Amino acid sequence: MAKVQNSLSAGILAAIRKRRPTVIGRDAAVERGDIVIASYNIHKCVGTDGRFDPARTAQVISEIGADIVALQEADQRFGERAGLLDLEHLRREAHLVSVPISPFSAKGHGWHGNVLLLREGAVSDLRQLKLPGVEPRGALVVDLDLKAGPLRVIAAHLGLLRHSRARQAEAILRAAADGVGGPTLLIGDLNEWRMGKRSSLSFLSPIFDPSHAAVASFPSRFPLLPLDRVLGNPHHLVTSVAVHDTPLARVASDHLPVKASIDLKAAHKSDNDPVRAELIGTGSA
């Protein structure tokens, strides 16, 4: 056991050393009118103090100030799998509305705990993917019509086992390619801290760049691992990435929220971008 723990510690440290720096410039991006995206594993509204407090979780979501928020673990995992948040409160206080889906259970909010919140815009299409693997996992594929143009958002929570994550990444890649090749985001708790070829997310290349702007979000009190990601296609779609690190966020969940800005208008202008062409070309994969 000691050898396994030492090997894991060494691997974590190696990943931290190789991690790319945070992409900065969020304030400038907001001034340009960019869209702010966030991903937040709310840990079933149980904080690092062991207290179940949905109101505190909602307050963190409000203080992020994002236009689109992907939540993970928004439902109970066992029993009735009921939703844990007051969605009406989020609508009133944060002006965020849950994208309507067929929930995993009668009393649930999300699909395998995944919820997508939207400030404005319209949903043109929605799919709920059941991801392969040992644990029950899922993803939402949501096509949005926004003021700046259409955007596909894939909100996911990948498994704890590396082999399962690799299969899930391949399934997400097929979902991303099943479209017209427009700007696409993959956001969520991807549960992978490794970089490079050893990463289970390497299957996402070249459509998404798993090494782009990986910021440490876990554990929230002393973040070391970049488990939560915002990845874009084309790659320049995401203009800035940072953790939302506040005193409240450090205690509300074991994950810190990750927020990013995207320049959707610029992405739509790059019709001849080779990566977008690659996405269209893999549509039959």
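Residues: numbered from 1 along the sequence shown. This is a predicted model, so every value here is computed, not measured.
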- Output, in order, the C-alpha distance, side-chain angles, deciding distance and verdict of side-chain hydrogen bond (donor to acceptor under 3.5 Å, both in side chains) for Q168 and S200. CA-CA 9 Å; Q168 291 159 3; S200 58; over 6 Å; no
Just how far is it from atom [atom1] of [X] to atom [atom2] of [Y], taken to the nearest 0.5 Å?
X: W193; Y: R198; atom1: CH2; atom2: CZ; result: 6.0 Å
X: L158; Y: L160; atom1: CG; atom2: CG; result: 10.0 Å
X: L90; Y: S62; atom1: CG; atom2: OG; result: 6.0 Å
X: R194; Y: S211; atom1: CZ; atom2: OG; result: 16.0 Å
X: L151; Y: L146; atom1: CG; atom2: CG; result: 5.5 Å
X: F222; Y: L256; atom1: CZ; atom2: CG; result: 12.0 Å

Closest heavy-atom pair and its distance - [X], [Y]:
X: L204; Y: L173; result: O-CD1, 3.7 Å
X: P100; Y: L126; result: O-CD1, 3.6 Å
X: P226; Y: M195; result: CG-CE, 3.7 Å
X: A38; Y: A66; result: CB-CB, 3.8 Å
X: L190; Y: A156; result: CD2-O, 4.4 Å
X: A58; Y: H89; result: CB-CD2, 3.9 Å

- Evaluate side chain to side chain contact (heavy atoms under 4.5 Å, CB included) for V153 paired with I187, printing each intermediate quantity in order. CA-CA 7 Å; V153 177; I187 54 180; 3.7 Å; yes
Non-hydrogen side-chain atoms of [X] and [Y] separated by less than 4.5 Å:
X: P183; Y: L264; result: yes
X: H268; Y: P150; result: yes
X: R137; Y: H112; result: no
X: I154; Y: L185; result: no
X: L144; Y: V142; result: yes
X: E120; Y: H95; result: no
X: P54; Y: D86; result: no
X: P223; Y: S217; result: no

- For L161, the rest of its hydrophobic cluster, which grows through side-chain links under 4.5 angstrom: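 Same cluster as L161: V134.
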- Message: Can you list, by chain and residue number, the hydrophobic cluster partners of V46 when the side-chain cut-off is 4.5 Å?
- Response: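 F52, L84, which link up through side-chain heavy atoms under 4.5 Å apart, make up the rest of the cluster.
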- Item | Qualifying residue, where the test is side chain to side chain donor-acceptor pair (under 3.5 Å) with S39 and the options are H157, H255, Q72 |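 It is Q72, the one option of H157, H255, Q72 that forms the side chain to side chain donor-acceptor pair (under 3.5 Å) with S39.
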Has the side chain of [X] got a donor or acceptor atom that lies under 3.5 Å from a matching backbone atom of [Y]?
X: D67; Y: R119; value: no
X: T239; Y: L237; value: no
X: W111; Y: L129; value: yes
X: D254; Y: P219; value: no
X: S253; Y: N41; value: yes
X: D263; Y: H236; value: no
X: S202; Y: S199; value: yes
X: H235; Y: P206; value: yes

- In chain order, what residues pass the side chain to side chain contact (heavy atoms under 4.5 Å, CB included) check against V251, with sequence neighbours excluded?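 Once residues adjacent in sequence are excluded, the partners of V251 under the side chain to side chain contact (heavy atoms under 4.5 Å, CB included) criterion are T48, D49, R56, R221.
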- side chain to side chain contact (heavy atoms under 4.5 Å, CB included) partners of S124, counting only residues at least two apart: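 Result, side chain to side chain contact (heavy atoms under 4.5 Å, CB included) vs S124: D143, D145.
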- Item | salt bridge (charged side-chain N to carboxylate O under 4.0 Å, His left out) partners of residues 226-247, not counting sequence neighbours, each pair once |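 For residues 226-247, and leaving out neighbouring residues, the salt bridge (charged side-chain N to carboxylate O under 4.0 Å, His left out) pairs sorted by first residue read D245-R250.
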- Item | Candidate pair Q59 and L248, rule side chain to side chain contact (heavy atoms under 4.5 Å, CB included), full reasoning | CA-CA 8 Å; Q59 189 174 346; L248 192 65; 3.5 Å; yes
- Task: Check step by step if side-chain hydrogen bond (donor to acceptor under 3.5 Å, both in side chains) holds for S164 and E135.
- Result: CA-CA 8 Å; S164 293; E135 308 163 87; 5.6 Å; no
- With a 4.0 Å cut-off, would you call E88 and R91 a salt bridge?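 Salt bridge flag = yes for R91 with E88.
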- Item | Residues L87, L96; criterion side chain to side chain contact (heavy atoms under 4.5 Å, CB included); working and verdict | CA-CA 8 Å; L87 297 181; L96 292 167; over 6 Å; no
- Message: For K44, is the NZ atom crowded, meaning more than 12 foreign heavy atoms sit under 6.0 Å from it?
- Response: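 Yes, enclosed.
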- Query: Listed by chain and number, what are the ring-ring contact (aromatic ring centres under 6.0 Å, His included) partners of F203, not counting sequence neighbours?
  - Reply: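 Testing F203 for ring-ring contact (aromatic ring centres under 6.0 Å, His included), a comparison that skips the adjacent residues, returns none.
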- Query: When hydrophobic residues are tied together by side-chain contacts of less than 4.5 Å, even through go-betweens, does L117 share a cluster with V97?
  - Reply: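 The answer is no; the residues belong to distinct hydrophobic clusters.
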- What's the verdict on side chain to side chain contact (heavy atoms under 4.5 Å, CB included) for I61 and L71, showing C-alpha distance, side-chain angles and the deciding distance? CA-CA 9 Å; I61 295 171; L71 302 178; 3.9 Å; yes
